[in-house]
Amino acid sequence: MKEEYTNQHRRWYDKDPVLSQAVNTLEESDDETQIKIALNLIKIIIEHNIENEKFEAVEDIINAVGSGLDDNRKGRWYDIDTTLRTAMNMLQNCPATTQHIIAKEMAKMVVESIKKEENTDDSDESDEN
């Protein structure tokens, strides 16, 4: 039976299918990959917001990072790590159009990271033989 589309989404990132898929793939990645991608996301979001003149000073960036952070909140998969939580909160606070653009970049990063891991695993296996 096919699921019907509804306007009510469980998670903030499920509104955009590309973003939802990228976040789900990130969630299933190993810890090291998650941190690398989180750091890249923070960089991309800051660069994008500087280009759009949303950030004019370092204080604006710090305020954007701090907004939405709740130190007591630990129920979401990305709350376990501060870097990952910061990246996801910054992404959540972006406008939907920016989220979509960043989701495409994020998807590329996740796929590239997975390909690197597979290549490393393949070379490790051939080294053992």
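Think of V18 as one node in a network of Ile, Leu, Val, Met, Phe, Trp and Tyr side chains linked at under 4.5 Å; it has no links at all.
The shortest distance between side-chain heavy atoms of R85 and D81 does not fall below 4.5 Å. Considering only heavy atoms from C-beta on, M106 comes within 4.5 Å of L91 through its side chain.
Closest heavy-atom contact between W12 and M88: CZ2-O, 3.5 Å. In terms of heavy-atom proximity, Q34 sits nearest to L26 at NE2-O, 3.0 Å. The minimum heavy-atom distance linking A103 with A22 is given by the pair O-CB, 4.0 Å. The two atoms that bring G75 and D79 nearest to each other are N-OD2, 3.7 Å, heavy atoms only. Here the shortest heavy-atom pairing between Q92 and Q99 reads O-NE2, 3.1 Å.
A distance of 12.0 Å separates OG in S20 from NZ in K15, rounded to the nearest 0.5 Å. Interatomic distance, R76 CZ to L84 CG, rounded to the nearest 0.5 Å: 10.0 Å. Once rounded to the nearest 0.5 Å, the distance linking CZ of R10 with CG of D14 reads 7.0 Å. Distance check: N40 CG to E47 CD gives 9.5 Å after rounding to the nearest 0.5 Å. Between atom CD1 of residue I44 and atom CD1 of residue I37 there is a gap of 9.5 Å, rounded to the nearest 0.5 Å.
Annotation: side chain to side chain donor-acceptor pair (under 3.5 Å) contacts of E27 (sequence neighbours excluded): none. Partners of D30 according to the side chain to side chain donor-acceptor pair (under 3.5 Å) rule, which considers only residues two or more places apart in sequence or in another chain, are T33. The side-chain contact (heavy atoms from CB on, under 4.5 Å) check on L39 picks up I35, T83, with sequence neighbours excluded.
Sorted by first and then second residue, the salt bridge (Lys or Arg N to Asp or Glu O under 4.0 Å) pairs with a member in residues 97-106 read E105-K108; sequence neighbours excluded.
Taken together through direct or relayed side-chain contacts under 4.5 Å among Ile, Leu, Val, Met, Phe, Trp and Tyr, I101 and I42 form parts of separate hydrophobic clusters.
Considering I46, I102, T86 in turn, I102 is the only one that fulfils the side chain to side chain contact (heavy atoms under 4.5 Å, CB included) rule with L41.
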Are V23 and Y78 close enough, and set up right, to give a side-chain contact (heavy atoms from CB on, under 4.5 Å), and what steps lead you there? CA-CA 10 Å; V23 171; Y78 52 84; 5.7 Å; no
